Each structure stands twice: as C-alpha cells, then as structure tokens.
There are 2 protein chains.
Amino acid sequence: MERASLYEYLSRISRLLMAEERSGREALPAVQMAALHYLNRCNRYSDTPASVADYLAATKGTVSQTLRALENKGLIERHADANDGRVVHLAPTRAGKQLLRAEIPPPAFRAAEAELGNDDRDQLRELLETLLRGMQRSGQISSFGVCRTCSHFRRLGENRFQCGLTEERLTPADSEKICREHAAYATGAND
Amino acid sequence: MERASLYEYLSRISRLLMAEERSGREALPAVQMAALHYLNRCNRYSDTPASVADYLAATKGTVSQTLRALENKGLIERHADANDGRVVHLAPTRAGKQLLRAEIPPPAFRAAEAELGNDDRDQLRELLETLLRGMQRSGQISSFGVCRTCSHFRRLGENRFQCGLTEERLTPADSEKICREHAAYATGAND
DNA sequence: GCTTTTAGTTTCGACTCGAAACTACATAGA
DNA sequence: TCTATGTAGTTTCGAGTCGAAACTAAAAGC
C-alpha cells in the first residue's frame, strides 16, 4: 500500500509554497521572503548577515547578494554595530513588515491550513518540529529556535526571564524571538 | 504558547532539504533532483516537459532549460512520440536512476525520518497529504497522485486494473506510478 | 484550406548559489 | 607594540533558476 514517501510530500509542498510566494501581488523570490521573515522574528544577537546565512543554510556570499536585493527594494535597513566595526545589524523597514503581513503565508497555504482541524494542525506542527530537530541534529545545523524553548532559558518570576548563556535579562517580547544560539533540549535519541 | 507556525516549520525543513540536496557528493540543484525524481515515478502519459512543468509549478520555458541541463549531464533521455510529432517523452538514464538511489532522500532527512517511530511517520504522512490536497484544491493545481489512489481507478480483479478515463488496462506496476490526470476523491470540504 | 490551439524551445534580465578572492576590523601571542 | 590569525562581510565568477514573451512546428477545428 505504498503511496508516496514523506520526502515526496515535503518536496511537493515546498515547491508549491515557493511557487505561490513568487506569484503573489508583491512577489519576491522565496529566499528573499525567508530572509525577510527571519529578520522580523529574530532577536538582537541574531540579526546579522552571518546569522541569516546560517539560518538559510547558505554561504555568506550568497546571502550578501540576497540582502543587497532586499535593501535595494527598500525592505530592510542596515545599522552599524556600536562595539564591533565589522558587524552589521539588519531590520525590516515598515514596507518590509507590511509585505510580510500581506504575503505570508500565501493564500492557498492559508486555506489548506484552515481546512485542517485544530487538533490536526497542532499535531502536524509537533511532528514537523520533531522532524526538523532531527534533521538539525543529524546535519550539525544550529537549531535557531524561539528563545523561550531554549535549554538556556530561565524563568525568574512572572514575566521575568533570563538567558543562561549571556546572563542577560529578557522581556516577554524577547522570549518570543528566534535566537541563533538556541540550544534544543536533548531528546534521548542521539547524544 | 506560540512557538513557530506550520508555515515556518515547512519553509525551514524545505530549505534544509534543498541545501542538503545541493551539497551531496553528486550534487544537483534541487529542481533538477525534483524533475529527475518525478520522471522516475510517472506513467507513460505524464513523462513530457509539459507534465514536468505542471508538477514543478513552473513555466514550460523554465522547465525546458532544466531538462536541457539534465540531458547535458546524461541523466535523462528524450524520445519522440510515435503519434504526435510535437510531444517528447523523457526518461531517466541508468546514470540518472543510480543518482536518485544514492542521493534521495538526503542523509540528514533519512536519519530524522528513522528517528520518528512508525506510527508518527504514518501519521505525519497522512497529515501532509491532507495539507497538500488542500493546497492543490485552493490553488487550482493538478493533484498528480499515484494512479491507484485516483477516482478513475477501477479494480477488475486480482492484479487487473483499469483507468476509467482512458479505459485502458493497467498492470500492478502502472498502478503505482504518478499520473498527471490524477483526480483526488472529494473530501467534503470544497466542491 | 485556413485559423486556432497545443507542445516545446529560445532569449532576456533579475536573481540564486557556492567557491574563492578580497577588505576591514578584532584579538591573541611574542 | 608589532604581528599573526581569526572573523564579518563584500565582490566576482560561472552555472543555473525563474517568468515573460517571442518563436517554431505540428495538430485540431471548422
């Protein structure tokens, strides 16, 4: 009773997703969308070209070009770092954020997601997270998770958090952002 | 308790998957892999450039170039159609099939899939299929499913099948292939 | 027979991609 | 302090993706 493999479903969904992103009214190549979306979701230690490269699993050279394209379109801004003259911080402009709200996720995906019940949606999300963490572990890739799901995340009290790595205090808003230093909890499988 | 959205997990997994495909020993761009994989899985009515374009959600112009690249690498072959002088049939060469076996799915994905239990894997597959069908319905995209899951598929007896659309007899091997005329069963949602 | 449709290719310009060379700044060591 | 060595980021190159539009050739419709 073999129908199609997990791999086939995922490749197919990802192709349809990419095609839809490109075809939107204010269309952007899928990589540019992904970079913009990341920059809108990451914390202040993870908004650099190097982080974007890591996140997108691309080289820094490739990412440099993608970021140039986004800047030329007025969708992101660059800011020099105060302490380190080499590093650049990136942030979506107002136009960039607006584009994200309008275009992501694309309509057919939104519709298909809505047709799934709440239970199925949650379950699918959980299974995909497991799969993703597995791939990251096997491929030696940084996990890039949301701060509050990190093993360094500490709860000091009501709405008072701290990062066990940098010892820094975190606001509730901080704790919802994506961090490049994110460490997944061990799952018993490997390591 | 918002962690990451379904969309985020899927984009992220698809980026990692594409990156891994490109980085393999006999690496190929992800689109070329997808085209080659499709041509190895489709039936004799679905092995044309037009079908590949439909399947990949790309234009025929784009696909024409991708197919040229695959042919130049000796991974696919072209055959003229006997009845219609316009149509071209495509098939993976021996080298093409061998490359598929070696490179697909990529190692980190294989590992992550293996870590999932059998139950989780089946469930994930089912949820992804539902999501995919939903996207195809909303986006007016052909479903491109495996023959035996088609609403035109008829069982005549033990190992004897027939296509209700072309009236043609089907072997068990035929029934496992991907068909561009595939029609999904209605699911009660839309139409 | 003539028009329209369909299958496929070609060309264009913007973009992706990795590799490698490069600039500029930071840091460690003698 | 001077000199590696390392790190952040950019540039350039060649192969490839991508859609749009122009194009060829064969079929189908009338």
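It should be emphasised that the depicted structure is a prediction, and the values quoted were computed from it without experimental measurement. So that the names make sense, note that chain A is the first sequence line, chain B the second, and so on, each numbered from 1.
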Asks: Tell me, with the steps shown, if R148(A) and D174(A) meet salt bridge (charged side-chain N to carboxylate O under 4.0 Å, His left out).
Replies: CA-CA 9 Å; R148(A) 77 184 315 162; D174(A) 287 335; over 6 Å; no
Asks: Closest nucleotide of DNA chain D for D84(B) versus for L67(A): which of these residues is on the 5' side?
Replies: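 That would be L67(A).
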Asks: Starting at the 5' end of DNA chain C, which residue's closest nucleotide do you reach first, A69(A) or N83(A)?
Replies: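 Comparing both residues, the 5'-ward one is A69(A).
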Asks: Do the ring planes of H37(B) and Y7(A) sit parallel (below 30°), tilted (30 to 60°) or perpendicular (above 60°)?
Replies: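 H37(B) and Y7(A): perpendicular rings.
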Asks: Indicate whether OP1 or OP2 belonging to dC17(C) is found under 4.0 Å from a side-chain N or O atom of R15(B).
Replies: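 Checking R15(B) against dC17(C): at least one side-chain N or O falls below 4.0 Å of OP1 or OP2.
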Asks: In whole angstroms, how far is the C1' atom of dG9(D) from the CG atom of L90(A)?
Replies: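 So the two atoms are 11 Å apart, to the nearest Å.
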Asks: Side chains of D54(B) and S51(B): is there a donor and an acceptor less than 3.5 Å apart?
Replies: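 No - no donor-acceptor pair under 3.5 Å links their side chains.
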Asks: If you check every side-chain atom of K73(A), which of dC18(D), dC15(C), dA26(D) has the closest atom?
Replies: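 Taking heavy atoms from C-beta onward, the closest nucleotide is dC15(C).
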Asks: Would you mind classifying the nucleic acid contact of T48(B) as base, sugar-phosphate or nothing, using non-hydrogen atoms under 4.0 angstrom?
Replies: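 Here T48(B) touches the backbone only, sparing every base.
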Asks: Output yes when a side-chain donor or acceptor of T93(A) lies under 3.5 Å from a complementary backbone atom of G74(A), and no otherwise.
Replies: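 Between the backbone of G74(A) and the side chain of T93(A) there is a qualifying donor-acceptor contact (under 3.5 Å).
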Asks: Using whole Å, what does the distance between atom C1' of nucleotide dT17(D) and atom CZ of R22(B) come to?
Replies: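 Rounded to whole Å, this separation is 11 Å.
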Asks: Can you confirm if the NZ or CZ of R180(B) lies within 45° of the ring axis of Y38(B) and under 6.0 Å from the centre of its six-membered ring?
Replies: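 The answer is no; the distance or angle limit is not met.
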Asks: Are any of R78(B)'s side-chain N or O atoms less than 4.0 Å away from OP1 or OP2 of dT9(C)?
Replies: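 Yes.
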Asks: Would you say I76(A) and V87(A) are hydrophobically clustered, going by side-chain heavy atoms of ILVMFWY under 4.5 Å?
Replies: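 No, it is not one cluster - the side chains of I76(A) and V87(A) are not joined through contacts under 4.5 Å.
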Asks: Taking the cut-offs as 6.0 angstrom to the six-membered ring centre and 45 degrees off its axis, would you call R41(B) and F144(B) a cation-pi pair?
Replies: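 The answer is no; the distance or angle limit is not met.
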Asks: Taking only N and O in the side chain of R68(A), is any of them less than 4.0 Å away from OP1 or OP2 of dT10(D)?
Replies: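 For R68(A), the contact criterion (side-chain N or O under 4.0 Å from OP1 or OP2 of dT10(D)) is not met.
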Asks: Expressed as a whole number of angstroms, how long is the span from E20(A):CD to dC18(D):P?
Replies: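 To the nearest whole Å, that distance equals 16 Å.
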Asks: Whole-Å distance between dG9(D) P and H79(A) NE2?
Replies: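 Whole-Å distance recorded here is 14 Å.
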Asks: Contacts to DNA chain D from residues 51-66 of chain B, heavy-atom cutoff under 4.0 Å, which residues?
Replies: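 Going residue by residue through residues 51-66 of chain B, the ones with a heavy atom under 4.0 Å of DNA chain D turn out to be A57(B), A58(B), T59(B), T62(B), Q65(B), T66(B).
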Asks: Could you state the atom-to-atom distance from CG of L70(A) to P of dT10(D) in whole Å?
Replies: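 In whole Å, dT10(D) P lies 12 Å from L70(A) CG.
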Asks: Could you state the atom-to-atom distance from CE of M18(A) to P of dC18(D) in whole Å?
Replies: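 Taking atom P of dC18(D) as the reference, CE of M18(A) is at 7 Å.
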Asks: Of the listed nucleotides (dC15(C), dT17(D), dA8(D)), which one gets closest to any side-chain atom of Q32(B)?
Replies: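 Of dC15(C), dT17(D), dA8(D), dT17(D) is nearest to the side chain of Q32(B).
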Asks: Give the rounded distance in Å between these two atoms: CD of E21(B) and C1' of dG16(D).
Replies: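 Value for this atom pair: 15 Å.
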Asks: Whole angstroms only, please: what is the CD-C1' distance between E71(A) and dA14(C)?
Replies: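 Nearest whole value for this atom pair: 17 Å.
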